[in-house]
Amino acid sequence: MKILIAYGTKYGCCEKCAKILSEKLNGTVDLFNLKKDENINLNEYDLVIVGGSIYAGKIRNEVMNFCRSNLDILKHKKQLFLYVV
Ligand SMILES: Cc1cc2nc3c(=O)[nH]c(=O)nc-3n(C[C@H](O)[C@H](O)[C@H](O)COP(=O)(O)O)c2cc1C
């Protein structure tokens with residue numbers, strides 16, 4: 001199974017969680033910091049995990065932007081999880 005963990009972090013807590021999660025999961029896991037200005041081919045992944053930290057009541061912008069701009073693909077994923085720190 002191919003797994004993507006895409007996360008938005010400011011001080012690294014969410015990234016640390018992504019790394020811990022990646023060690024616990026079976027399959028090939030790609031970690032992706034959403035601050036990177038690169039495209040990800042979401043069609044490659046069986047499971048997508050999105051992580052983000054909260055500041056002043058809102059999840060980080062890069063996480064929101066990623067979800068909004070990939071909504072059509074994400075909503076058709078059989079397995080999609082969100083974690084928040
Ligand atoms: C200025 C500031 C504002 C924050 N606002 C919230 C908040 O509204 N709700 C919340 O649950 N946590 C809030 N936090 C806590 C962070 O979300 C928490 O420390 C998180 O683990 C940071 O993750 P990151 O290092 O991946 O960005 C805030 C932290 C800071 C420094």
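Order of listing sets the numbers, starting from 1, for every ligand and every atom in it.
Proximity of atom 26 (O) of ligand 1 to the protein is indicated by at least one non-hydrogen atom lying closer than 4.0 angstrom. Within a 4.0 Å radius of atom 18 (C) of ligand 1, the protein contributes no non-hydrogen atoms.
Smallest separation of non-hydrogen atoms from G52 and V63: CA-CG2, 3.9 Å. The minimum heavy-atom distance linking A18 with L31 is given by the pair O-CD2, 3.6 Å. In this structure, T9 and C14 approach most closely via the heavy-atom pair OG1-N, 3.6 Å.
Cluster annotation: L34 is not connected to L47 through the hydrophobic network of ILVMFWY side chains, with a link wherever side-chain heavy atoms come within less than 4.5 Å. Placement of V29 and F81 within a single hydrophobic cluster is found when ILVMFWY residues are connected by side-chain heavy-atom separations under 4.5 Å, directly or transitively. The hydrophobic cluster containing L82 does not contain I3, counting ILVMFWY residues as joined when their side-chain heavy atoms lie under 4.5 angstrom apart, directly or transitively.
Listed by number with element, the atoms of ligand 1 under 4.0 angstrom from any heavy atom of C13 are 21 (O), 23 (O), 24 (P), 25 (O), 26 (O). Those atoms of ligand 1 that come under 4.0 Å of a heavy atom in Y11, given as number and element, are 24 (P), 25 (O), 27 (O).
Counting protein heavy atoms only, atom 5 (N) of ligand 1 is closest to A56 N, 3.0 Å. Nearest protein heavy-atom neighbour of atom 23 (O) of ligand 1: S53 CB, 3.2 Å. Protein heavy atom in closest approach to atom 3 (C) of ligand 1: Y55 CD2, 3.7 Å. In terms of protein heavy atoms, atom 15 (C) of ligand 1 is closest to I54 O, 3.9 Å.
Checked by distance only, ligand 1 and R60 stay at 3.5 Å or farther apart across all their nitrogen or oxygen atoms. Looking at ligand 1, you'll find an N or O of G57 within less than 3.5 Å of one of its N or O atoms. For ligand 1, one of its N or O atoms has an N or O atom of T9 under 3.5 Å away.
Contact of the L42 side chain with the F66 side chain is registered, since non-hydrogen atoms from C-beta on lie closer than 4.5 Å.
Between E62 and R60 there is a salt bridge, since a side-chain N of the basic residue sits under 4.0 Å from a carboxylate O of the acidic one.
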